Amino acid sequence: MTSTERKGAATVSTGLAPELDAFYQVLQRRRDVRGEFTGEPVPDDVLDRVLGAAHSAPSVGLSQPWDFVLVRSEQTRETFREHVRSERDVFADSLTGERSQTFAKIKVEGVLESSLGVVVTYDPSRGSPAVLGRHAIADAGLYSVCLAIQNLWLAATAEGLGVGWVSFYREEFLASLVGLPDGVRPVAWLCLGPVSELADTPDLERHGWRRRRPLSEAVHHERYDG
Ligand SMILES: Cc1cc2nc3c(=O)[nH]c(=O)nc-3n(C[C@H](O)[C@H](O)[C@H](O)COP(=O)(O)O)c2cc1C
């Protein structure tokens with residue numbers, strides 16, 4: 001059995017079995033969302049499934065070094081949004097000319113517009129000292145947290161929700177804001193919530209900041225220069 005995918009107004013046959021087609025469509029549909037949050041709440045059962053997807057990610061040495069701090073308080077989100085704005089200014093001050101003008105048009109967060117903030121954290125002490133697979137690559141713990149985030153992002157997309165990853169912050173500020181214990185690092189503030197739509201094109205591409213490069217440029221054979 002074959003299936004179809006949306007391409008502009010038309011539909012084209014992908015030639016894939018429906019469940020495989022549905023999986024790839026979720027990958028394609030996923031977007032980083034800033035401006036399209038409706039502000040509606042995330043239903044509890046959906047949130048459980050999305051967090052369950054994050055928690056089923058692979059992790060180095062089965063350390064599961066992530067935690068999820070759910071931030072609903074408007075006051076906390078306002079405080080964080082102010083901090084993000086000041087960090088946006090720091091970055092803007094480093095730009096000149098066309099980069100500066102282009103960046104001025106780009107929205108970098110939907111902290112108040114989304115109904116929920118999810119702070120994803122990394123605890124390097126989880127499962128240590130003998131974390132199987134991390135003895136030579138300390139970053140493997142951080143990679144594991146990023147995989148949990150990606151699982152969350154894809155599950156949210158499949159559920160019809162939007163996710164926006166915000167990284168315009170200083171770690172110490174966010175750690176203090178949500179009361180992280182010493183040594184536990186914030187890895188992401190994720191804006192999560194229902195959306196009016198998911199754009200076809202990444203915001204940064206739409207605003208002329210950067211274009212996606214073709215897969216053929218990213219694939220190398222045998223050696224990086226191959
Ligand atoms: C580690 C990481 C940090 C990011 N930080 C921000 C951010 O602070 N603000 C923002 O608007 N987007 C942020 N993004 C989203 C990227 O800009 C976005 O993923 C990229 O432009 C591609 O667009 P797409 O996710 O819609 O495909 C971040 C993404 C990642 C993976």
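Note that the structure is a prediction, hence the values are computed from the model and not measured. In each ligand, atom 1 is the first atom listed, and ligand 1 is the first ligand listed.
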Under 4.0 Å from a heavy atom of [X]: give me the atoms of ligand 1 that qualify, with their elements.
X	answer
Arg31	24 (P), 26 (O), 27 (O)
Arg34	10 (C), 11 (O), 12 (N), 17 (O)
Pro202	23 (O), 26 (O), 27 (O)
Leu204	17 (O), 21 (O)
Val166	7 (C), 8 (O)

message: Going by ring-ring contact (aromatic ring centres under 6.0 Å, His included), name the residues that satisfy it together with Tyr143, two or more places apart in sequence or in a different chain.
response: none
- prompt: Among the heavy atoms of Arg30, does any lie under 4.0 Å from an atom of ligand 1?
  reply: yes
- prompt: With backbone taken as N, CA, C and O and side chain as the heavy atoms from C-beta onward, which portion of Glu205 lies under 4.0 Å from ligand 1: side chain, backbone, both, or neither?
  reply: neither
task: For residues His83 and Tyr169, establish whether the separation of their ring centroids is below 6.0 Å.
output: no
- request: Note the single closest protein heavy atom to atom 18 (C) of ligand 1, along with its residue, its atom name and the distance in Å.
  value: Asp32 CB, 3.8 Å
message: Please list the nearest protein heavy atom to atom 8 (O) of ligand 1 with its residue and the distance rounded to 0.1 Å.
response: Ser167 N, 2.7 Å
message: Regarding atom 9 (N) of ligand 1: of the candidates Thr201, Ile106, Val108, which has the closest heavy atom?
response: Val108
- prompt: Does atom 20 (C) of ligand 1 have a protein non-hydrogen atom under 4.0 Å from it?
  reply: no
- request: Please state whether the rings of Phe103 and Phe91 are parallel, tilted or perpendicular, taking 30° and 60° as the class boundaries.
  value: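 Plane angle over 60°, so perpendicular.
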- request: Assign the ring pair Phe80 / Trp189 to parallel, tilted or perpendicular, where the plane angle (0 to 90°) is split at 30° and 60°.
  value: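 Judged by the thresholds at 30° and 60°, the geometry between Phe80 and Trp189 is parallel.
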- request: Give a yes-or-no answer on whether the side chains of Glu172 and Ser176 include a donor-acceptor pair shorter than 3.5 Å.
  value: no
query: Any chance the side chains of Ser73 and Gln75 put a donor and an acceptor closer than 3.5 Å?
result: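 No.
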- prompt: Hey, any chance Phe37 and Val118 share a hydrophobic cluster, counting ILVMFWY side chains that come within less than 4.5 Å of each other, even indirectly?
  reply: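 No, because Phe37 and Val118 fall into different hydrophobic clusters, even though each may have its own neighbours under 4.5 Å.
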query: With hydrophobic residues grouped by side-chain heavy-atom distances under 4.5 Å, do Val84 and Val69 end up in a single group?
result: yes
task: Could you say whether the N/O atoms of Trp165 and ligand 1 ever approach to under 3.5 Å?
output: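 In this structure, Trp165 places an N or O atom under 3.5 Å from an N or O of ligand 1.
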